[in-house]
Asks: 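Okay, here's the structure, questions in a sec.
Per chain, numbering begins at 1; letters A, B, ... match sequence-line order.
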Protein chains: 2
Amino acid sequence: MHCASEFALNFMKAPKRRSQCPISSSLEVWGDKWSLLIVRDLMFNKRFTYGDFLKSEEKISTNILAARLLMLEKNDLIEKLEHPDSKAKVLYQLTQKGIDLIPVIVEINLWAEKYFQLTEEKKFLIKEIKLNKEKFISNSINSLLKD
Amino acid sequence: MHCASEFALNFMKAPKRRSQCPISSSLEVWGDKWSLLIVRDLMFNKRFTYGDFLKSEEKISTNILAARLLMLEKNDLIEKLEHPDSKAKVLYQLTQKGIDLIPVIVEINLWAEKYFQLTEEKKFLIKEIKLNKEKFISNSINSLLKD
DNA sequence: GTATTTTACTTGCAAAATGCAAGTGTAAAT
DNA sequence: ATTTACACTTGCATTTTGCAAGTAAAATAC
């Protein structure tokens, strides 16, 4: 990439961070009630399309979903691909940056297991995590890469 | 506690969860742009009072801070104590449930380190984490308990 | 003892984000 | 050729946020 345009791009991208704190900066990207649910669906629930995300139990509304997908894409957590089945569909996929959120999602699961009542399905997932956390993470990464 | 009132209390408390998903349930408690910053301050920045939280770099506004403190307290992540120095002050402290968020906060730090430019101070903290994650977590827990 | 300052909030209001229902445009299926 | 599927967009009411100012109790200064 050309230097000037790269600079311009980086310059334009900068969305005036509140601080240079890792927690604060992270929250500015995915610190809302919906973004991590999309990430969760892409990570563990085999949901890859706009329609898939709408089917999730939490019932995100269509405009919020569109806004979040754009936000996550702009921040390089997800990318849009052609769907192999149809040109009418859009395939969303986690980028490396998105995949790297697996350890965060894993720890949230472990925390929540201690303090919330969960479905048997979720409890089973967390049982797998507790059996061997590192293995669970590397398996998850592999399952996302080899698609 | 009496059975009927315990039931009533539990019943009243239940804030209609969107789903029984660990991620969704967690986000309903602390999935906003501010809550984890308060937790961070209590955890690592030696900030324990309302005034302390206001001093943080991200500049939370007073009404939002009050609302978040109430929310975190209602959800048992923090508790209010008498301040040893003065009756005018309130000492906020993480509960066990709040302390249990350390691994989540740690993983957010590690993720952010990979994708954001951080201050030297924060980079130092993350270097400590990477040196020995388990040790860092147990040290952090101990430092919060023995106060 | 009185006045000022500190501390932890609350209140009012404008601006932004959210939630719901309906609509649009392109591609696929019938 | 018509209907359905899919990925959005739009309009509008409600809720949440952000900013500025205010309040009340406790501590400090004089």
Asks: If you count heavy atoms of other groups shown closer than 6.0 angstrom to CD of B:Gln96, is the number above 12?
Replies: yes
Asks: When you measure from the side chain of A:Ser56 to the backbone of A:Glu58, do you find a donor-acceptor pair of N or O atoms at a distance under 3.5 Å?
Replies: no
Asks: Mind checking A:Ser86 for me? I need base, sugar-phosphate or nothing, with any heavy atom below 4.0 Å counting as a touch.
Replies: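 Answer is sugar-phosphate: A:Ser86 comes under 4.0 Å of backbone atoms only.
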Asks: Check the phosphate of C:dT10 against B:Tyr50, side-chain N and O only, distance under 4.0 Å to OP1 or OP2. Yes or no?
Replies: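 No, B:Tyr50 has no side-chain N/O under 4.0 Å of OP1/OP2 on C:dT10.
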Asks: Whether A:Asp41 and A:Arg47 form a salt bridge (side-chain N of Lys/Arg under 4.0 Å from carboxylate O of Asp/Glu) is what I want to check.
Replies: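 A:Asp41 and A:Arg47: salt-bridged.
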Asks: From NZ of B:Lys87 over to C1' of C:dT7, roughly how many Å is that when rounded to an integer?
Replies: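 Checked: the NZ to C1' distance equals 15 Å.
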Asks: Using a strict cut-off of less than 4.0 Å between a Lys/Arg side-chain nitrogen and an Asp/Glu carboxylate oxygen, indicate whether B:Lys130 and B:Glu113 qualify as a salt bridge.
Replies: yes
Asks: Select one nucleotide: of C:dT18, D:dA26, D:dG18, the one nearest the side-chain heavy atoms of B:Trp34.
Replies: D:dG18
Asks: May I have the distance from B:Lys33 (atom NZ) to D:dG18 (atom P), rounded to whole angstrom?
Replies: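 Spelled out: NZ on B:Lys33 to P on D:dG18 is 9 Å.
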Asks: Taking CD from B:Glu73 and P from C:dC9, how many angstroms apart are they, rounded to a whole number?
Replies: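 Spelled out: CD on B:Glu73 to P on C:dC9 is 9 Å.
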Asks: Is a side-chain N or O of A:Ser86 found less than 3.5 angstrom from the main chain of A:Ala88, in a donor-acceptor match?
Replies: yes
Asks: When we call it a touch if two heavy atoms are under 4.0 Å apart, what does A:Tyr92 touch: a base, just sugar-phosphate, or nothing?
Replies: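 A:Tyr92: backbone/sugar contact only, no base atoms under 4.0 Å.
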Asks: Identify which nucleotide among D:dC8, C:dT10, C:dC20 has an atom closest to any side-chain atom of B:Thr62, counting heavy atoms from C-beta outward.
Replies: C:dT10
Asks: May I ask you to decide if the ring planes of A:Phe44 and A:Phe136 are parallel, tilted or perpendicular, using 30° and 60° as cut-offs?
Replies: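 Tilted.
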Asks: Reading 5' to 3' and counting Watson-Crick or G-U wobble pairs with both distances under 3.5 Å, write the dot-bracket notation for DNA chain D, | for bases paired outside the strand.
Replies: ||||||||||||||||||||||||||||||
Asks: Specify the separation, in whole Å, of atom CG of B:Asp32 and atom P of D:dT17.
Replies: 7 Å
Asks: When you get a sec, tell me which of C:dC9, C:dT18, D:dT9 is the closest nucleotide to the side chain of B:Ala66?
Replies: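 The answer is C:dC9, which lies nearest to the side chain.
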Asks: Under 4.0 Å between a side-chain N/O of A:Lys80 and OP1 or OP2 of D:dC8, yes or no?
Replies: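 Checking D:dC8 against A:Lys80, a side-chain N or O does come within under 4.0 Å of OP1 or OP2.
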Asks: Looking only at non-hydrogen atoms, find the nearest pair between A:Glu28 and A:Lys16 and report the distance.
Replies: OE1-O, 4.2 Å
Asks: Where the side chain of A:Thr49 is concerned, which of C:dT18, C:dT7, D:dA7 is the nearest nucleotide?
Replies: D:dA7
Asks: Pick the closest DNA chain D nucleotide for A:Leu91 and for A:Asn63 by heavy atoms, then say which residue is nearer the 5' end.
Replies: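 With A:Leu91 and A:Asn63 compared, the 5'-side residue is A:Leu91.
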Asks: Can you check the A:Leu54 CG to D:dC8 P distance for me, whole Å?
Replies: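 It works out to 10 Å between those atoms.
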Asks: Could you state the atom-to-atom distance from CZ of B:Arg68 to P of C:dA8 in whole Å?
Replies: 19 Å
Asks: Just how far, in rounded Å, is C1' of C:dT10 from CG of B:Leu70?
Replies: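 Distance check: B:Leu70 CG to C:dT10 C1' gives 12 Å.
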Asks: If you assign B:Lys55 and B:Ala67 each to the DNA chain C nucleotide with the nearest heavy atom, which residue ends up on the more 5' nucleotide?
Replies: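 The 5'-side residue here is B:Lys55.
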Asks: Ring-plane angle category for A:Trp30 and B:Trp111, please: parallel below 30°, perpendicular beyond 60°, tilted otherwise.
Replies: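 Perpendicular, since the angle between the ring planes exceeds 60°.
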Asks: Rounding to an integer number of Å, can you tell me how far B:Glu82 CD sits from D:dA25 P?
Replies: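 The answer, rounded to whole Å, is 18 Å.
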